[in-house]
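Structure first, then comments.
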Amino acid sequence: MSAATKEPLLMEKIVSLCKRRGFIFQSSEIYGGCGGVWDYGPLGAELKRNLRDAWWRTMTRDRDDVLGLDASILMNPAIWKASGHVDTFADLMRECTLTNKRVRADHVDPQSGTAMRFSGAESPTGWKSARVIEALLKNGEHIESFRKRVRAFIAQNAGESAGAAELIVLLGEEKIEVVEDSVDFHPETGGRLNEARPFNLMLRTFLGPTATEADVTYLRPETAQAIFAQFKNVLDSSRIKVPFGICQIGKAFRNEVTPKNFTFRSREFEQMELEFFIKPDEAIEAVHGRVAVYAEGVDLSVPQDDWGWEMWHRYWVDQRTKFYNGIGLSTDVLDYHWQTKEELAHYARACVDILCQFPFGTEELEGIAARGDFDLSAHQKHSGKPQEFFDEPLKMAVAAWDDARRSAFVEKKLAEQRDKGAQGLPEEETRHWCERFFKGNYVPHVIEPSAGLDRLALAILCTAFCEEVKTDDKGKSETITVLRLHPRVAPIKVGIFPLLKNKPELVAKAREVHALLRKSMVCFYDETASIGRRYARQDEVGTPFGVTVDFETLGEQGPELQDTVTVRERDGGAQHRIKISDLPAWLAQRLA
RNA sequence: GCGGGUAUCGCAUAAUGGUAGUGCAUGAGCUUCCCAAGCUUAUGGCGAGGGUUCGAUUCCCUCUACCCGCUCCA
C-alpha cells in the first residue's frame, strides 16, 4: 500500500464542483444537514446509474454463470444472528477516557494501584486542555514513566496542535484513591473507563406498526446475507450448477462511528456484491485428480474445471481489475492489499483489497474475500434447512472409491480440523460432512467480490478531476476545470449547441439534432452564452463531445457542408466535420 | 466518542456592534460568437436556536453539519 500524498485542498475543490454542478449534495441541507448521508443531484444520479449499469452488465448479463438478485433491505433478524452481526456488536463497551480505546465491559482485568487525577494539560505551542484526566498509577510503576505515558496519550489525542509529547505540561496533579482489583481502568493504557453502554453499528428499526421489542429488525449492514439466504431458491429455480454466482446491487446501512471523507464513508451506501459459489477443493481433487495451483503469470482469463478456491480468487481479482480499467481507473491509480493472516477474519482464507488513490489517501474500493463455506454453513445450521449442492460427477467419482480410500479421506479431514484447534469442526460434524460428501453433497464455498458504488463514483470523480491553467492571446491566464471522465461513465454524452441563439434557423436545426441524438444517449442542449463558454461548461462536467450547428450547416458555404456539424472532443479540443445523418453511429462507436 | 478547526448569495471571498460588498456562476437582452469574449440588466446571502444590547452576521452559550488528527471500519 503506497502512502499517497494527501491533498485536502484538492478535495475541497472536488466537493465544491460536485455541489455547484449537481453531482452530490449534502442530505437535508436546508435543515442543517444529516450526519453521514449524501444525495446525488441530476448529474451524480446519471453517473451512478452508468457505473451501476456497467457493473451489472459485466457481472451478470455478459456472463453465463452469474445470476442477479434484488432482495429487500429489511429481513428476518435471525439472518443477522446467523451471520454474526448481532452478537459482534450487541456487547456492552466501555471507552478509555484517556485514549478513547474501546474494551468489552466484561473483558476488563482487575488492576491495583493509585488513581491519579490531572486538572488539565498545556503545551508551549499554546495548546491547552481543561479536560480532567484520570488514570491508574499501577503498583510498582515509577511516577515519571507514568507521567510520560499520560503525556504521550494526550499528545496522540490532541493531534498536531499540542506539539511534542515530552513538552506537554500536566496540570494540577493529585492522588485520588488507592484501588484494589478495580475494573474501572483500561488494562493497557491505565485510563479511567467511562460508563458501559451498548454498541451496535446496525441501524435498528421496527417492522410493524406496533413498534414493540418483538418487532425489532435491522436495516441490512451488507447486501451479501440476502444472497446467502436466497441461495437455495436461486439454485432450484435457475437450472444452474456450481460453480456459479449470484450478484446484487443495493443499499446497506451502518452506524459508522466516524463518517468521513465526503461520501467515502457514509452511513447509508450502495453496495455491489457477488457471491460466487465454487466446489470445495476436495470435490475438485476427487473428480479431476488434482487442484490447479496458482503461479505468477498463469492464464486467468478462462475458468478451468480443475480450479480450486485459490485460482477462483485470483480470477476474480483479475476480472475486477479489468472492470476498473475499462471505466477509466487505470492501473496506476489502483493498488492492492493482500490481508495478512492476522488481519483476516477467522473464517476467511484470503482477502484482497483493491484500493484507489484519493486526494485523502489510498483507500479501499473493493474487497475480494475467499470465505470458504462459512456463510452458507452458518445459515444451514441456524435455519435448519440444508444449503447443499448435489454434485453428480462427484458422486460418480467417489462411488469408485474403496473403503480404505474413504476412511483415509475421513482421517485426513479429521486431522485437518484438529490442527485448527478451537476453530475446527467437532469430530461428529466432520464425519457427517464426509458422509454427505461421499453421496455427492456439499455446501459450496464462496468467493466474494464486494464493492462500494458510492466509493466508486467518488473515485471516478477524483481521478477525472483536472485543473489546467490557460493563457489567452492577451496574456491573461485563468484556471479551467475539466472532468476527464471515461465516455462510458460520463453523465452527459454530448452537448448540442446552435452557434447563435438569435437566428431561428440555427436553433431549429440544433433542436433537430438534439431530437435525433437523445433517442440513443443522454444529451444536453444549450443555446446561452458564447460558444466557448458552453464548451467549458460541458468540460467541467465531463461531457466527452460537443456538437455545434453553424451557418455552414444551413448551407451558407454551399451544398458541400450543408447538414454537417462540428463535433468537438473534450480531451484535446480536436474538431471534426460530420454529417448529421452519420452522427449517431459516429458517437455511439466512441462511447462504447 | 475525544481533541482542534470551519460555517457570510449556487461557488469563492471582503468588511462591520448601526441598511452586508466584490468576483465567478445563474436568469433576461444585444452581438455571424468555434474554446470561460464584450456590453446592459436582474435574481440571490450572514448554518439553527437562545442570551447580552436601544440595536448582533459581528460578543457569549447551546445545537447541527463539514474538515483535520485520534478512534472505529463485520
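Numbers restart at 1 for each chain; the letters A, B, ... are given by sequence-line order, proteins then strands.
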Does [N] have OP1 or OP2 under 4.0 Å away from a side-chain N or O of [X]?
X	N	result
A/Ser16	B/C11	no
A/Arg537	B/C35	no
A/Asn255	B/C72	no
A/Lys19	B/G10	no
A/Lys260	B/C67	no
A/Lys501	B/C33	no
A/Asn502	B/U32	yes

*Does A/Arg568 make a side-chain donor-acceptor contact with the base of B/C35, cut-off 3.5 Å?*
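Side chain to base: pair found, below 3.5 Å.
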
Taking any heavy-atom pair under 4.0 Å as a contact, classify [X]: base, sugar-phosphate, or nothing.
X	result
A/Tyr347	sugar-phosphate
A/Thr481	base
A/Glu556	base
A/Asp539	nothing
A/Gln575	base

_A/Phe497 side chain near A/Glu527 side chain, heavy-atom distance below 4.5 Å_ =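 No, side chains not in contact.
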
*Would you mind reporting whether A/His85 and A/Pro77 have side-chain heavy atoms less than 4.5 Å apart?*
no

*How far apart are the closest heavy atoms of A/Thr553 and A/Thr564, and which atoms are they?*
OG1-O, 2.8 Å

*asked:* For A/Glu467, is the CD atom crowded, meaning more than 12 foreign heavy atoms sit under 6.0 Å from it?
replied: yes

*With stacking defined as ring centroids separated by under 5.5 Å and planes differing by under 30°, is A/Tyr535 stacked against B/C34?*
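Check failed, A/Tyr535 does not stack on base of B/C34.
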
*Using Watson-Crick or G-U wobble pairs with both distances under 3.5 Å, give me RNA chain B in dot-bracket, 5' to 3', with [ ] for crossers and | for pairs to another strand.*
(((((((..((((....[..)))).(((((.......)))))....(((((..]....))))))))))))....

_Contacts of A/Glu222 that satisfy side-chain hydrogen bond (donor to acceptor under 3.5 Å, both in side chains) - sequence neighbours left out_ =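 Testing A/Glu222 for side-chain hydrogen bond (donor to acceptor under 3.5 Å, both in side chains), a comparison that skips the adjacent residues, returns A/Gln225.
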
Please write out each protein N/O paired with an N/O of nucleotides 48-51 of chain B under 3.5 Å, distance rounded to 0.1 Å.
none

*Which of these, A/Trp38, A/Phe358, A/Phe269, sits in a ring pair (Phe, Tyr, Trp, His ring centres under 6.0 Å) with A/Phe264?*
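That would be A/Phe358; it is the only one of A/Trp38, A/Phe358, A/Phe269 passing the ring pair (Phe, Tyr, Trp, His ring centres under 6.0 Å) with A/Phe264.
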
*Given B/G10, B/C66, B/C34, the nucleotide with the shortest approach to the side chain of A/Gln26*: B/C66

